[in-house]
Engineer: 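Pasting in a structure now, in structure tokens, and then I'll have a few things to ask.
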Amino acid sequence: MRHRRLTLALVAACLAPSAGAQSASFATQERDLAAIDIASTNLVVSRLGTLCLALVGRPETPQAFVADWQQRNVRYVSASAKYLDQRVAQAATEGRREQALGEIRAVVENNAEAALRQLLRDRKEDGCMNAITLSDTGALDISPKLPQYDQLEALARWAAQ
């Protein structure tokens, strides 16, 4: 939970409009957190494919592995991409496009690295086998079982409007 609060604070600081700029009506802290959460999970799955597939003897490519996860979670991946694209576009109107991109990238990468450390904390081969199994069984998919599901679903509904 502490990690999620820190992430929320980082996201809010990174994506806050500059002084004097109007806040876009679409932007909320809940959407910021949901979009970053989805992007981070996407990166985790991608990194698992790169780090673990060959190690555990899986024949598919890392690209196919992450594409499979993205297809199972397409509604949320698309919503995250749409929202983050709009946040970057908003920052661009304030002359902060590159800064916003860098800040978003840093938060996503930091979250993903923390999650990977947790998933792979055992010996690398055992950790990889467990993590790949989690992905294969849908445990890394977005579902109502997640505590943040309501926020993720709200982001997907917003993106579908």
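Computation of the quantities below employed the complete heavy-atom set of this structure, encompassing side-chain atoms and omitting hydrogens, waters and symmetry-equivalent molecules.
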Engineer: Could you grab the distance from atom CD of Q29 to atom CD of Q151, nearest 0.5 Å is fine?
Structural biologist: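 Taking CD in Q29 and CD in Q151, the distance rounds to 12.0 Å.
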Engineer: Kindly determine whether L43 and L116 satisfy side-chain contact (heavy atoms from CB on, under 4.5 Å), including the steps that lead there.
Structural biologist: CA-CA 10 Å; L43 183 56; L116 282 167; over 6 Å; no
Engineer: If you look only at pairs with a residue in residues 57-66, which of them pass as a salt bridge (charged side-chain N to carboxylate O under 4.0 Å, His left out), with sequence neighbours excluded?
Structural biologist: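 For residues 57-66: R58-E60, R58-D136.
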Engineer: Please give me the minimum heavy-atom distance between A35 and S80, naming the atom from each residue.
Structural biologist: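 Heavy-atom minimum between the residues: O-OG, 2.8 Å.
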Engineer: Is any NZ, NE, NH1 or NH2 atom of the basic residue among E109 and R47 found under 4.0 Å from an Asp or Glu carboxylate oxygen of the other?
Structural biologist: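 Looking at R47 together with E109, the answer is no, because their closest N to O distance does not fall below 4.0 Å.
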Engineer: Work out which heavy atom in A131 is nearest to a heavy atom in L119; give both atom names and the distance.
Structural biologist: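 Closest approach of A131 to L119: CB-CB, 4.3 Å.
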Engineer: Should M129 and E125 count as side-chain neighbours, where that means a heavy-atom distance under 4.5 Å?
Structural biologist: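 No. Closest side-chain heavy atoms not under 4.5 Å.
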Engineer: Run the side-chain contact (heavy atoms from CB on, under 4.5 Å) test against R97 and tell me which residues pass, sequence neighbours left out.
Structural biologist: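 With neighbours one apart ignored, the set is V88, A92, L101.
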Engineer: List the atom of S143, the atom of Y149, and the distance in Å for their closest heavy-atom pair.
Structural biologist: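 Looks like O-CD1, 3.1 Å.
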Engineer: At what distance, to the nearest 0.5 angstrom, does CD of E94 lie from CD of Q99?
Structural biologist: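 Answer for the CD-CD pair, E94 versus Q99, is 9.5 Å.
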Engineer: Could you tell me whether a side-chain N or O of D37 sits under 3.5 Å from a main-chain N or O of L33, the two making a donor and an acceptor?
Structural biologist: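 No, because the side chain of D37 does not come within donor-acceptor range (under 3.5 Å) of the backbone of L33.
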Engineer: I want to check something: taking the side chain as every heavy atom from C-beta on, are V77 and W69 in contact at a cut-off of under 4.5 Å?
Structural biologist: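 In contact.
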Engineer: What residue among L55, L51, L53 forms side chain to side chain contact (heavy atoms under 4.5 Å, CB included) with I132?
Structural biologist: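 Result: among L55, L51, L53, L53 is the only option passing the side chain to side chain contact (heavy atoms under 4.5 Å, CB included) with I132.
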Engineer: Looking at NZ of K82 and CZ of R31, how far apart are the two atoms once the value is rounded to the nearest 0.5 Å?
Structural biologist: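 One gets 10.0 Å once the value is rounded to the nearest 0.5 Å.
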Engineer: Rounded to the nearest 0.5 Å, what separates atom CD in Q148 from atom CD in E30?
Structural biologist: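 Reported to 0.5 Å precision, the distance equals 13.5 Å.
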Engineer: I'd like to check D32 versus Y83 (side-chain heavy atoms, cut-off strictly below 4.5 Å). Are they in contact?
Structural biologist: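 Yes, close enough: below the 4.5 Å cut-off.
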Engineer: Working to the nearest 0.5 angstrom, can you tell me the gap between R105 CZ and L84 CG?
Structural biologist: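 R105 atom CZ to L84 atom CG measures 11.5 Å (nearest 0.5 Å).
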Engineer: Minimum heavy-atom separation for L140 and T41, please, with both atom names.
Structural biologist: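 Looking at all heavy atoms of both residues, the closest pair is O-CG2, 3.7 Å.
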Engineer: Can you see whether Q90 engages Q86 through a side-chain donor-acceptor pair at a distance of less than 3.5 angstrom?
Structural biologist: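 There is no such pair (donor and acceptor under 3.5 Å, judged by atom type) between the side chains of Q90 and Q86.
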Engineer: Report the distance from atom CG of L48 to atom CG of L120, rounding to the nearest 0.5 Å.
Structural biologist: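 Rounded to the nearest 0.5 Å, the CG-CG separation comes to 6.0 Å.
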Engineer: Side chains of V66 and Q70: does their closest heavy-atom pair fall under 4.5 Å?
Structural biologist: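 Yes. Closest side-chain heavy atoms under 4.5 Å.
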Engineer: Going by heavy atoms in the side chains, are R157 and R75 under 4.5 Å from each other?
Structural biologist: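 When only atoms from C-beta onward are counted, R75 and R157 do touch, with a gap below 4.5 Å.
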Engineer: Any donor-acceptor pair under 3.5 Å linking the side chain of S46 with the backbone of N42?
Structural biologist: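 Pair absent, no side-chain N/O of S46 close to backbone of N42.
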Engineer: Examine V74 and L152 and state if one hydrophobic cluster contains both, with Ile, Leu, Val, Met, Phe, Trp and Tyr joined whenever side-chain heavy atoms are less than 4.5 Å apart.
Structural biologist: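 As far as the 4.5 Å side-chain criterion goes, L152 and V74 are not connected within one cluster.
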Engineer: Looking only at atom types and distance, does a side-chain atom of D68 sit under 3.5 Å from a main-chain N or O of A64, one as donor and one as acceptor?
Structural biologist: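 No: the side chain of D68 does not pair with the backbone of A64.
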Engineer: Could you pull out the closest heavy-atom pair between V45 and S135, with the gap in Å?
Structural biologist: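 Smallest interatomic distance, heavy atoms only, reads CG1-OG, 4.5 Å.
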Engineer: Mind listing the closest non-hydrogen atom pair of I142 and Y76 along with its distance?
Structural biologist: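 Taking I142 first and Y76 second, the nearest heavy atoms are CD1-CB, 3.3 Å.
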